[in-house]
Amino acid sequence: MALFSIYLGQGGVIMAVEIKSKKAVVSKAPYELYMAFSDMRNFVNMLPEDKKKDVTADYDSIHAVVQGFNIGVRVVQRNPYSRIFFEDAGAPFKFGLTLNFDPSPSNPYKTEFSIIVDAELNFMMKTILGSKIKDALDKAVDGLAAMSEGRLPEGVDPSMFPEGFDPYKNGFHS
């Protein structure tokens, strides 16, 4: 569900939009996920080799060129094992991102994971990007849950892995 408020910005009417992903149970403890996401260099290590050339990262930030746009995020606050707050560091619009790592009520070794995006968008950008951002967040949450259970995320083609790497021999199953 997206919440928004309206105010005037330099380009006219700007809407502060909040977009929440679905929640999914990830088969990892909150501290494990938190530690993986708290160092931005880990994101680069997860990328295919052909995508790494346009990405740079250090512990607190990551920058990339995506479809000709320079986009970056930096960590602004870490609440150990429960939340990480990011903000844009050079993007076409202002946004923030919150990763939530809540212990599963039924199993402390699993995590209820969700993502929240807060963005400042004009009406046209909200109309074009709003549902796409929500879909991308839900897909990321579902993908993380699938990988934590040893499944490849939906839509991932095993042939995209480097030659000689068999995902099914490395913990993934169909």
Of all heavy-atom pairs between [X] and [Y], which one has the smallest distance, and what is that distance?
{"X": "Ser21", "Y": "Val141", "answer": "OG-CG2, 3.5 Å"}
{"X": "Ser38", "Y": "Met35", "answer": "OG-O, 3.2 Å"}
{"X": "Glu149", "Y": "Ser27", "answer": "CG-OG, 3.5 Å"}
{"X": "Lys94", "Y": "Asp88", "answer": "CA-OD1, 3.4 Å"}
{"X": "Ala140", "Y": "Ile115", "answer": "CB-CD1, 4.4 Å"}

Gap between atom [atom2] of [Y] and atom [atom1] of [X] - 0.5 Å precision:
{"X": "Lys139", "Y": "Lys22", "atom1": "NZ", "atom2": "NZ", "answer": "12.0 Å"}
{"X": "Arg83", "Y": "Ile116", "atom1": "CZ", "atom2": "CD1", "answer": "7.5 Å"}
{"X": "Thr98", "Y": "Lys20", "atom1": "OG1", "atom2": "NZ", "answer": "10.5 Å"}
{"X": "Asp60", "Y": "Arg74", "atom1": "CG", "atom2": "CZ", "answer": "10.0 Å"}
{"X": "Asp54", "Y": "Ile71", "atom1": "CG", "atom2": "CD1", "answer": "11.5 Å"}
{"X": "Ser106", "Y": "Glu112", "atom1": "OG", "atom2": "CD", "answer": "7.5 Å"}

Classify the ring geometry of Tyr31 against Tyr81: parallel below 30°, tilted from 30° to 60°, perpendicular beyond 60°.
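Perpendicular.
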Would you call the rings of Phe101 and Tyr34 parallel, tilted or perpendicular, taking 30° and 60° as the class edges?
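Correct class here is perpendicular.
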Are [Y] and [X] connected in a single hydrophobic cluster, I mean Ile/Leu/Val/Met/Phe/Trp/Tyr linked by side-chain heavy atoms less than 4.5 Å apart?
{"X": "Phe85", "Y": "Phe95", "value": "no"}
{"X": "Met15", "Y": "Met125", "value": "yes"}
{"X": "Val25", "Y": "Leu33", "value": "no"}
{"X": "Ile128", "Y": "Phe93", "value": "yes"}

Backbone N or O of Asp58 within a donor-acceptor pair of the Ser61 side chain at under 3.5 Å?
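No; judged by distance alone, with no hydrogens or angles, the pair does not exist.
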Using modelled atom types only, decide if a donor and an acceptor are shared between the side chain of Ser114 and the backbone of Lys23 within a distance under 3.5 Å.
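A pair under 3.5 Å: no.
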Mark yes when over 12 heavy atoms from residues, nucleotides or ligands other than Phe123 sit less than 6.0 Å from its CZ; otherwise mark no.
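No.
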